[in-house]
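Since the structure is predicted, the reported quantities are computational estimates derived from the model, not experimental observations.
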Amino acid sequence: MIFCYNCGRRLSEHDFCTSCGADVSLYKQVVHVSNMYYNEGLEKAGVRDLSGAVVSLRHSLQFNKNNIKARNLLGLVYFEMGEAAAALREWVISKNMSPEKNIADEYIDKIRSNSGRLDSINQTIKKYNRALVLCSQNSEDLAVIQLRKVLSMNPRFIQAHQLLALLYMKQEEWDRAERELRKCMDIDRNNLQTLRYLKEVEEALMPEEGVKRRRKDEAVRYQSDNEIIIQPLNVKEPKRAGGLSTVVNMVIGLIIGVAAMYFLVVPAAQSRVRNEEQQTITKISSESDAKTARIQELEGQIENLNGNIQNLQGEIEGYAGAGGTIPVTEELLRIAAEYTETADMHTAADRLEELAGRVDVTAMPEGFQRMYQSMNSVIGPELSKEYYEAGYNQYYTSRYEEALENLGKAVKYDAANIEALWLLGEAYRSSGDTVNAITTYDKVIELFPEATRARDAQRRKDNLNAG
C-alpha cells in the first residue's frame with residue numbers, strides 16, 4: 001500500500017495520483033526499491049546476520065526515509081547488537097514521523113518505564129567510552145576491567161566483545177579472545193570485523209605438528225594348534241627277546257583252549273540260571289522305578305511349593321524390606337522434603353546419587369522414577385552451572401586436573417550444558433589427553449549438531465587428528 005507524497009491519498013495502479021494529479025511513477029519505483037531492501041534486511045535479521053541487516057535497512061531508509069517498518073526494524077537490530085542508544089534514536093525518529101499506531105511507542109515505553117534499564121544503558125555507554133580512552137593511553141588491563149563491567153550489564157554489546165577480544169589478542173590470551181568472538185558470532189553470525197579477528201585467533205591457536213612415533217615391529221608366528229607337539233627324532237626301538245616271547249605265547253594259547261572247552265560243555269545250565277535271575281531282577285527294578293518316580297513327583301511338588309513361598313517372601317521383602325520399594329520411596333520423599341526446607345543442592349544431590357547407587361531406579365515404579373527425575377531436573381542444572389563456573393576459572397588459570405573434575409560433574413548433572421561439554425574437551429586437549437579430548441568433541445558433535453560449538457569441535461578434532 002503506497003500513499004501519495006503530495007496529498008497523502010492512497011495511490012492506484014496509475015502513474016499519477018487520482019486525487020491531486022501528481023506524477024508518482026518515479027516515486028513508486030523508489031518506494032519499491034526501499035521495500036525490497038527492507039525485505040532483504042528482514043531476511044538477514046531472521047538468520048542473525050545483524051550487521052548485514054543494518055546495511056540493507058540503511059539502504060532502505062536512504063531511498064525512503066518514511067519507511068516506518070524499516071526504521072523500527074533497524075532499531076530492533078541495533079538493540080539486539082547491544083547498541084541501545086542507536087535503537088532509541090531510530091524509534092524516536094519513527095515516532096515523530098508517525099505518531100499514531102506506531103509500535104515504536106511500545107519499545108520506547110518499555111525502556112523508559114524501567115529507570116534501572118535506562119541508567120544501565122547510560123552506564124554502559126560511559127564505561128565503554130572510558131575503555132576506549134584507556135586503550136588510547138596504553139592501559140590495557142584497566143580497559144579489560146571496564147569492558148568486563150560493560151558486558152556484565154549488557155552481554156549483547158558486540159562492539160565491547162570485539163574490543164575485549166582485541167585486547168586479549170594483544171596480550172596473546174588466544175583462548176579468551178576466541179571465547180569473546182564466539183559470543184559475537186552467536187549474536188551476529190556474519191560480522192566482518194568478528195570474522196577477521198577470529199581468523200587471526202584460529203591461526204594463532206593452530207597446534208604444531210607433533211613428532212610421529214615409530215611402531216615397534218611385531219613378530220608374527222604361526223602354529224597349527226594351541227599345543228606344540230614335539231616328536232623326538234632318531235628314537236631306537238628296544239630289541240625283541242626271541243626265546244622268552246615264544247614260551248609266553250604257548251602258555252597263553254593253552255589257557256585259552258581250556259577256557260573254550262569249559263564254556264562249550266556247560267553253556268545250557270548257566271544260561272537257564274542267568275535267565276531266571278534276570279527276570280527277578282527286572283521285576284524288582286520295575287517296582288523300584290515306579291516307587292522312585294512317585295517319590296520324585298512328590299519331591300518336585302514340594303520344591304515348587306517352597307519356590308512359591310520364597311518368591312512371595314522375596315516380593316514382600318522387595319516392598320517392605322531394607323531396600324524395598326516402600327522404604328526407598330520414603331527415603332526419596334525425605335530427600336525432597338529436606339531440600340524444600342533447606343535448599344541445600346549439594347546435600348540433596350549427594351543423597352540422590354547414593355540412593356541411585358543402592359537402587360536400580362529403572363526397576364522402580366513409574367511414580368518413583370518420575371519423582372526422582374523431577375528432583376534431578378530441578379537440582380541438576382543449578383549444580384551444573386556452579387561446577388561449570390568453577391571449572392571455567394580453573395581452566396583459564398591452567399589448573400587442568402581440577403577443571404576436568406568440575407567440568408565432568410557439570411556435564412554429569414546437566415547433559416544439555418553444551419558450554420561445559422565443550423570446555424571439558426578443551427581441558428582434555430590442554431592437559432595433553434588427546435584421546436579423551438576427541439571423544440568429548442565427538443559428543444558435542446553428536447548431541448548438538450546444529451550448534452556453533454559443533455563446528456568448533458569438528459575443527460579441534462581435525463586439528464588433533466592431523467597433528
Side-chain angles (χ1 to χ4, degrees), residues 34 37-38 41-42 44-46 48-99 102-137 139 142-167 180-181 183-197:
S34 176
Y37 277 117
Y38 164 73
L42 184 61
K44 290 181 178 179
R48 302 205 67 82
D49 181 9
L50 301 185
S51 54
V54 168
V55 174
S56 297
L57 293 172
R58 283 178 176 174
H59 285 322
S60 176
L61 294 175
Q62 286 177 353
F63 282 93
N64 181 14
K65 66 180 182 179
N66 295 317
N67 193 335
I68 301 301
K69 294 189 295 183
R71 195 172 293 278
N72 288 340
L73 180 58
L74 180 59
L76 286 174
V77 173
Y78 277 138
F79 193 80
E80 184 67 13
M81 296 172 68
E83 301 180 24
L88 281 172
R89 181 186 67 238
E90 298 299 331
W91 290 335
V92 170
I93 295 173
S94 172
K95 182 179 179 181
N96 290 331
M97 287 185 172
S98 178
N102 192 337
I103 197 172
D105 284 335
E106 297 182 14
Y107 301 150
I108 297 172
D109 290 341
K110 285 182 179 179
I111 295 179
R112 287 180 175 175
S113 61
N114 189 346
S115 58
R117 180 63 176 166
L118 272 176
D119 183 64
S120 176
I121 293 172
N122 292 331
Q123 291 297 324
T124 299
I125 296 172
K126 291 179 181 179
K127 290 182 182 297
Y128 178 73
N129 291 333
R130 176 60 180 166
L132 289 175
V133 173
L134 290 171
C135 289
S136 64
Q137 296 174 353
S139 300
L142 296 177
V144 168
I145 295 173
Q146 288 292 325
L147 290 172
R148 285 178 177 172
K149 293 180 180 179
V150 169
L151 293 173
S152 66
M153 293 186 291
N154 187 0
R156 308 189 72 81
F157 197 175
I158 290 182
Q159 292 183 5
H161 281 298
Q162 290 175 338
L163 181 56
L164 181 57
L166 192 60
L167 292 174
E180 297 300 325
L181 295 173
K183 291 180 181 178
C184 293
M185 293 289 290
D186 291 338
I187 301 170
D188 184 6
R189 295 181 177 176
N190 292 328
N191 189 292
L192 294 179
Q193 193 72 18
T194 301
L195 294 174
R196 190 179 301 116
Y197 291 164

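A distance of 13.5 Å separates OH in Tyr38 from CZ in Arg71, rounded to the nearest 0.5 Å.
Pairs of residues two or more places apart, or lying in two chains, that qualify as salt bridge (charged side-chain N to carboxylate O under 4.0 Å, His left out) and include a residue from residues 153-164 are Glu80-Arg156.
Side-chain atoms of Asn154 and Thr124 include no donor-acceptor pair closer than 3.5 Å.
In this structure, Leu147 and Phe157 have side chains that are not in contact, with every pair of non-hydrogen atoms separated by 4.5 Å or more. Contact of the Met81 side chain with the Val54 side chain is registered, since non-hydrogen atoms from C-beta on lie closer than 4.5 Å. By the 4.5 Å heavy-atom criterion applied to side chains, Ile187 and Arg48 are counted as neighbours.
The side-chain contact (heavy atoms from CB on, under 4.5 Å) test with Ile103 is passed by exactly one of Asn72, Leu76, Ile68: Asn72.
Between Leu181 and Thr194 the shortest heavy-atom distance is O-CG2, 3.7 Å. Considering every non-hydrogen atom in both Asp188 and Ser51, the closest pair reads OD2-N, 2.9 Å.
In terms of modelled atom types and a separation under 3.5 Å, the side chain of Ser56 and the main chain of Ala53 share no donor-acceptor contact. Counting only distance, with no hydrogens or angles, the side chain of Asn190 and the backbone of Asp49 share no donor-acceptor pair below 3.5 Å.
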Worked check of side-chain contact (heavy atoms from CB on, under 4.5 Å) between Lys65 and Met97: CA-CA 9 Å; Lys65 66 180 182 179; Met97 287 185 172; 4.3 Å; yes
Worked verdict on Phe79 versus Tyr107 for side-chain contact (heavy atoms from CB on, under 4.5 Å): CA-CA 10 Å; Phe79 193 80; Tyr107 301 150; over 6 Å; no
Intermediate values then yes/no, side-chain contact (heavy atoms from CB on, under 4.5 Å), Lys44 and Val55: CA-CA 10 Å; Lys44 290 181 178 179; Val55 174; 5.7 Å; no
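Taking the six-membered ring where the residue is Trp, Phe63 and Tyr37 present parallel rings, their angle staying beneath 30° rather than reaching 60°.
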